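Counting starts at 1 for both ligands and their atoms, following the listed order. Just so you know, these numbers come straight off a predicted model, no measurement behind them.
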Amino acid sequence: MPPFSRIMLMRSFTCNLIKIAAVALLVPGGALARSTSTDSEIKMALDAAYDKVSTVTEGKNADYIPALAKVDPKIFGLALVTVDGHVYTKGDIKSEVSIQSVSKVFTLALVMDQQGAKAIEDNIGVDATGLPFNSIVAIEQHKGQEINPLVNPGAITTTSMVKGKNRTAVWKSILDYYGAAAGRPLKVNAEVYRSEADTNQRNQAIAALMYAYGRIKDNPARATDIYTEQCAVSVNAKDLAVMAATLANGGKNPVTGKVVMKSENVPEVLAVMATAGLYDDAGKWLYKTGLPAKSGVGGGIIAVVPGKFGIAAIAPPLDSAGNSVKAQLAIEQVDTALNANPYSVVPYATYGGK
Ligand code: DON
């Protein structure tokens, strides 16, 4: 098509889009009428969620990693970042916790950027296991396949797939990638790293098994060590919300404007988060919120409203599936208040109300 015709086509497409948006906003109950929230609606939603959830005392810090048991259980921070780069925070956003399993999402995106989404589908699988995150039964069921990159066997395997000429190079690409998604350089909490490295015999066994099944190609001990270090990266609630917003914005960090991940892989990353991000409770979570999300045993949870915003909460006490009790409740509250569940649509209203 000659360039001029292409421009005309784009112009008429843009005009139509504007018309559709105008109709939707003008017609009560139009399909797009509830699609965006105002500044004050977002602030009110965060305030209300924080007030409602801050008194909750259920849950318990993870203690199978000894350093996590020592983290202040009262830390409670909430942040929301829109795809146009507005940052909203509430509560404690200075305190940092270890990112833990939230990291798995970003190593997954990195490997997809390097090798394509199919490499993950073929080598690990993209199915929810319905089992706890460190289940060995899940590996045995399909000989290390038909799992997903968000449970430990799939995540350690994903880390083993990151390209780099040596450990230092692999580690640098992981840490730089997380920093680009968060919009600032991130550091490792050395105490958490050491503590998990001293007690991660189960993950070592998981990696050995994934190696035995040919999913990890080489050096399972090194893959486990790098995975352990990635889990110890230190973040606050705002960092996590910017990382979530980078996913919500098709891989481009909306605060720094930097393209972090290939947008073509974002739908696959979000799909795995939706089906497996909260492990054996992923179904319940999706049923309540409709949001792709990921939890970590440090107490952080991120959730993504595609095309709109990323949200994160940090509160260390966990439920029995290893998901932060308060972070789940707070994100659910905001999701409901802002009508952000992507499955919740208003029926399309035609002229004349029919
Ligand atoms: O491998 C582990 O057990 C931890 N480093 C991460 C587990 C985790 O965060 C599970 N998420 N809720």
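For Tyr177 and Phe106, the gap between ring centers reaches or exceeds 6.0 Å.
Among protein heavy atoms, atom 4 (C) of ligand 1 sits closest to Gln100 OE1, 3.2 Å. With hydrogens left out, the protein atom closest to atom 1 (O) of ligand 1 is Tyr227 OH, 2.6 Å, a heavy atom.
Using a 4.5 Å cut-off on side-chain heavy atoms (C-beta onward), Ile156 and Ile216 make contact. Side chains of Lys52 and Leu329 form no contact here, defined as non-hydrogen atoms less than 4.5 Å apart.
Looking at Asp319 and Gln328, their side chains do bring a donor and an acceptor atom within 3.5 Å of each other.
Scanning Tyr64, Tyr279, Tyr193 for the heavy atom closest to atom 2 (C) of ligand 1 points to Tyr64. For the residues Ala232, Ser101, Ser103, the heavy atom positioned nearest atom 9 (O) of ligand 1 is part of Ser101.
Between Lys43 and Asp47 there is no salt bridge, since no side-chain N of the basic residue sits under 4.0 Å from a carboxylate O of the acidic one. By the 4.0 Å N-to-carboxylate-O rule, Glu96 lies close enough to Arg184 to be salt-bridged with it. The pair Asp225-Arg167 meets the salt-bridge criterion, since a charged nitrogen lies less than 4.0 angstrom from a carboxylate oxygen. Ion pairing between Glu191 and Lys70 holds under the 4.0 Å rule for side-chain N and carboxylate O.
Between Asn203 and ligand 1, a contact under 3.5 Å exists for at least one N or O pair. Residue contacts with ligand 1: Val297 is placed with a nitrogen or oxygen under 3.5 Å of a nitrogen or oxygen of the ligand (distance criterion only). Taking distance alone, with nitrogen or oxygen atoms compared against 3.5 Å, Phe133 stays at or beyond that limit from ligand 1. Backbone and side-chain nitrogen or oxygen atoms of Lys104 are examined, and none is located within less than 3.5 angstrom of a nitrogen or oxygen of ligand 1.
Proximity of Asn134 to ligand 1 is not established, as no heavy-atom distance is less than 4.0 Å.
Residue contacts with ligand 1, taken as heavy atom pairs separated by less than 4.0 Å, involve Asn152 solely via side-chain atoms from C-beta onward. Of all the heavy atoms of Ser295, the ones lying under 4.0 Å from any atom of ligand 1 are found in both the backbone and the side chain.
Within the 3.5 Å criterion, the main-chain N or O of Ser234 finds no donor-acceptor partner in the side chain of Asn189.
Ligand-side atoms of ligand 1 in range of Cys231: 5 (N), range being under 4.0 angstrom from any heavy atom. Close contacts of ligand 1 with Gly322, meaning ligand atoms under 4.0 Å from a residue heavy atom, involve 12 (N).
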